[in-house]
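Model, not experiment: these values are computed from the prediction. Reminder, nothing fancy here: chain letters follow the sequence lines and each chain counts from 1.
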2 protein chains.
Amino acid sequence: MQANLPHLQSTFTTDCVIFGFHEGALKVLLIERNEYPFKGWWALPGFFVDHSETIDDAVKRILYEHTGLRGIFMEQLYTFGDLKRHPQGRIITVAYYALLRLDDLKSQPEPVTDYARQAVWHPLDDLPELAFDHRHIIDKAIQKIRRKISYSPIAFELLPEKFTLTQLQQLYEAIWGRKLDKRNFRKKMLNYNILKELPEFQRGVSYRAARLYKLDKRKYAKVFQNELTFSR
Amino acid sequence: MQANLPHLQSTFTTDCVIFGFHEGALKVLLIERNEYPFKGWWALPGFFVDHSETIDDAVKRILYEHTGLRGIFMEQLYTFGDLKRHPQGRIITVAYYALLRLDDLKSQPEPVTDYARQAVWHPLDDLPELAFDHRHIIDKAIQKIRRKISYSPIAFELLPEKFTLTQLQQLYEAIWGRKLDKRNFRKKMLNYNILKELPEFQRGVSYRAARLYKLDKRKYAKVFQNELTFSR
DNA sequence: TCAAAAGTGTTACAATTACACCCATGA
DNA sequence: TCATGGGTGTAATTGTAACACTTTTGA
């Protein structure tokens with residue numbers, strides 16, 4: 001079973017749940033492992049943390065290797081240290097989650113690592129069986145963003161710079177897993193005064209084009225301090 | 001400087017912010033270190049995590065060693081891995097926080113470890129200078145419970161089994177750092193219907209004795225599911 | 001002209017805030 | 001009898017929830 005083991009540079013790793021949002025659905029970026037253990041299985045992008053880098057830096061590196069992007073929003077999630085989570089012994093993993101604007105990607109992500117055969121976006125509601133305790137990590141990440149989206153404007157990290165109110169609403173609906181009332185949603189969201197109405201509209205749709213908005217960074221900063229509450 | 005180093009059983013440790021509540025003020029349990037590095041400094045209780053125990057178990061062990069108690073509420077907080085946080089090289093620490101009923105303690109905690117000379121409760125608003133990045137860890141723990149106390153009934157972990165509404169209110173005030181309106185607080189808290197009014201009153205006070213309440217465990221469980229919101 | 005989604009207001013109800021006095025107790 | 005904290009209600013405001021139709025556009 002265990003040919004070609006990753007050399008144990010350290011006894012802890014980091015794994016990252018990379019969320020994307022496309023066509024009304026939340027996606028997670030998974031890799032197909034090219035190394036034992038769990039060779040051929042789907043897993044979260046992750047790797048051993050080097051002695052000379054911080055955990056944050058390791059995650060940034062992993063994000064770059066899989067998406068080609070820097071400056072992605074990321075945050076630590078939880079540290080998993082069950083004795084049996086890794087077949088090669090007790091390896092602790094510091095899990096992160098990241099939020100990615102899918103439209104920033106020029107193309108399908110091509111991992112530049114040799115431990116991943118391919119990297120593919122999977123819809124959250126249809127995930128394959130995953131290596132290690134990665135399914136559990138993803139569940140924890142969803143819980144986290146479900147809560148966080150109601151008091152902090154992380155939603156905008158998943159949307160293109162210019163977006164419609166419907167896109168924003170669909171994102172909340174996808175994260176919370178239930179429908180919201182259109183009128184109430186718009187009323188409340190616009191009341192926060194953190195959106196800037198643009199003199200632009202959607203293009204290329206075969207129905208009435210929706211107005212585009214973008215985040216007003218100045219007001220956004222204030223809201224981040226005072227914390228906005230968007231629940232129910 | 002570095003005589004008598006702790007042997008590096010592993011490259012990661014756990015540290016625990018133990019909160020207590022007494023006479024209207026939040027306290028943190030600190031130890032005076034008896035080992036290098038930072039010998040003689042105040043620090044959070046913590047130690048290296050053994051290869052054969054989970055992180056949770058390590059924290060439980062540390063809690064027991066310092067308080068003599070088991071079954072204390074605890075939860076993972078954050079994992080700190082800065083390259084320079086530990087003078088002996090990059091040692092990652094998985095920080096936890098714990099909430100303790102101070103009245104459960106028979107006496108002053110006496111650490112049964114040899115790396116701590118003494119363990120003393122310090123009021124949160126008057127902490128000494130701390131070893132490592134422990135001040136930073138405590139700040140993060142406070143942020144965490146500030147948020148968490150508004151959607152989950154963790155407050156009761158800090159109070160005796162039977163408590164007065166004023167004690168409960170003072171706890172919220174201590175954690176949030178601001179005064180609350182007595183009538184509004186009581187109205188809201190009693191409306192949740194998670195408290196059981198006891199036919200008992202305070203004793204030994206030189207003013208009108210306040211009624212005692214305790215948590216109604218059955219309703220508590222429901223509230224934990226639906227998540228209560230107590231903000232502002 | 002049709003299909004599809006955009007956009008828009010009102011009313012009922014619930015929650016939150018602000019606010020001040022009398023009561024019971026032990027010293 | 002005094003000092004101390006316990007205990008209580010109402011009104012104004014704000015926020016939330018439920019609900020349906022007209023408009024615009026491209027095909």
Side-chain angles (χ1 to χ4, degrees), chain A residues 21-25 149-151 159-160 162-174 176-214 223 226-232, chain B residues 21-25 149-151 153 159-160 162-174 176 178-214 223 226-232:
Chain A
F21 181 66
H22 191 55
E23 290 176 351
I149 203 178
S150 37
Y151 65 84
L159 291 176
K162 302 172 182 183
F163 51 84
T164 68
L165 289 179
T166 298
Q167 286 178 312
L168 184 58
Q169 180 177 342
Q170 284 173 339
L171 176 51
Y172 274 86
E173 289 175 340
W176 282 338
R178 70 202 162 74
K179 291 285 170 202
L180 301 171
D181 180 89
K182 182 160 62 158
R183 279 176 290 191
N184 291 339
F185 180 85
R186 286 162 180 242
K187 204 190 315 169
K188 193 166 179 180
M189 194 50 81
L190 292 174
N191 259 3
Y192 288 129
N193 259 310
I194 56 171
L195 298 186
K196 192 178 274 170
E197 186 180 294
L198 297 175
E200 294 175 61
F201 295 82
Q202 264 182 325
R203 295 170 154 275
V205 288
S206 72
Y207 46 80
R208 178 172 175 181
R211 179 178 290 279
L212 296 175
Y213 291 82
K214 71 174 193 182
V223 164
N226 306 343
E227 290 193 356
L228 93 163
T229 346
F230 198 99
S231 51
R232 230 139 305 170
Chain B
F21 180 66
H22 192 54
E23 290 175 350
I149 203 179
S150 37
Y151 64 85
L159 292 175
K162 302 172 181 183
F163 51 84
T164 69
L165 289 179
T166 298
Q167 287 178 311
L168 184 57
Q169 180 177 341
Q170 284 173 340
L171 176 51
Y172 274 86
E173 289 175 339
W176 282 338
R178 69 201 163 76
K179 293 283 169 200
L180 300 172
D181 179 90
K182 183 161 58 159
R183 278 177 291 190
N184 292 340
F185 180 86
R186 285 162 182 244
K187 204 191 314 171
K188 192 165 180 180
M189 194 50 80
L190 292 175
N191 259 4
Y192 286 130
N193 259 311
I194 57 171
L195 299 185
K196 191 178 275 170
E197 185 181 296
L198 298 175
E200 293 176 62
F201 296 82
Q202 264 182 324
R203 294 171 155 274
V205 290
S206 72
Y207 46 81
R208 177 172 174 182
R211 179 178 291 278
L212 295 176
Y213 291 82
K214 71 174 193 182
V223 165
N226 305 343
E227 289 195 357
L228 93 165
T229 346
F230 199 99
S231 52
R232 229 143 302 173

Self-check item: R208(B) CZ to dC21(C) C1', straight-line distance once rounded to whole Å
Solution: 13 Å
Quiz item: Does the side chain of R183(A) get closer than 4.0 angstrom to OP1 or OP2 of dG9(C) through an N or O atom?
Solution: no
Self-check item: Atom pair distance, as rounded to whole Å: CE in M189(B) and C1' in dT17(C)
Solution: 17 Å
Quiz item: At their closest point, which heavy atom of E200(A) faces which heavy atom of K162(A), and how far apart are they?
Solution: OE2-NZ, 2.9 Å
Quiz item: Within the structure, does a side-chain N or O atom of K182(A) lie under 4.0 Å from either OP1 or OP2 of dT8(C)?
Solution: no
Exercise. Would you kindly give the NZ-to-P distance between K179(B) and dT17(C), to the nearest whole Å?
Key: 17 Å
Quiz item: Can you tell me how far C1' of dG7(C) sits from CZ of F201(A), to the nearest Å?
Solution: 11 Å
Practice problem: Grab the CG-P distance between N184(B) and dG9(D) for me, whole Å please. | Solution: 14 Å
Quiz prompt | Between C1' of dT16(D) and OH of Y192(A), the distance in whole Å | solution = 11 Å
Exercise. Record whether the side chain of K187(A) comes under 3.5 Å of the base of dT16(D) through a donor-acceptor pair of N or O atoms.
Key: no
Self-check item: Residue Y207(A), side-chain heavy atoms: nucleotide from dA18(D), dG7(D), dA5(C) that is nearest
Solution: dA5(C)
Quiz item: What is the distance, rounded to the nearest whole Å, between atom NZ of K188(A) and atom P of dG15(D)?
Solution: 10 Å
Quiz prompt | Distance (rounded to the nearest 0.5 Å) between L212(A) CG and R203(A) CZ | solution = 9.5 Å
Quiz item: Closest nucleotide of DNA chain C for Q202(A) versus for S206(A): which of these residues is on the 5' side?
Solution: S206(A)
Self-check item: Flag, side chain of E173(B) to backbone of L180(B), donor-acceptor distance under 3.5 Å
Solution: yes
Exercise. Taking the side chain as every heavy atom from C-beta outward, state whether T166(B) and R186(B) have any atom pair closer than 4.5 Å.
Key: yes
Quiz item: With a 4.0 Å cut-off on heavy atoms, is T166(A) in touch with a base, just the backbone sugar-phosphate, or nothing at all?
Solution: sugar-phosphate
Practice problem: Using a cut-off of strictly less than 4.0 Å, decide whether R186(B) has a side-chain nitrogen or oxygen near OP1 or OP2 of dG7(D). | Solution: yes
Quiz item: Can you check whether L195(A) reaches F163(A) side chain to side chain, under 4.5 Å on heavy atoms?
Solution: yes
Practice problem: For Q167(B) and for D181(B), find the nucleotide of DNA chain D with the closest heavy atom, then tell me which residue's nucleotide is more 5'. | Solution: Q167(B)
Quiz item: Just how far, in rounded Å, is C1' of dT4(D) from CD of Q170(B)?
Solution: 13 Å
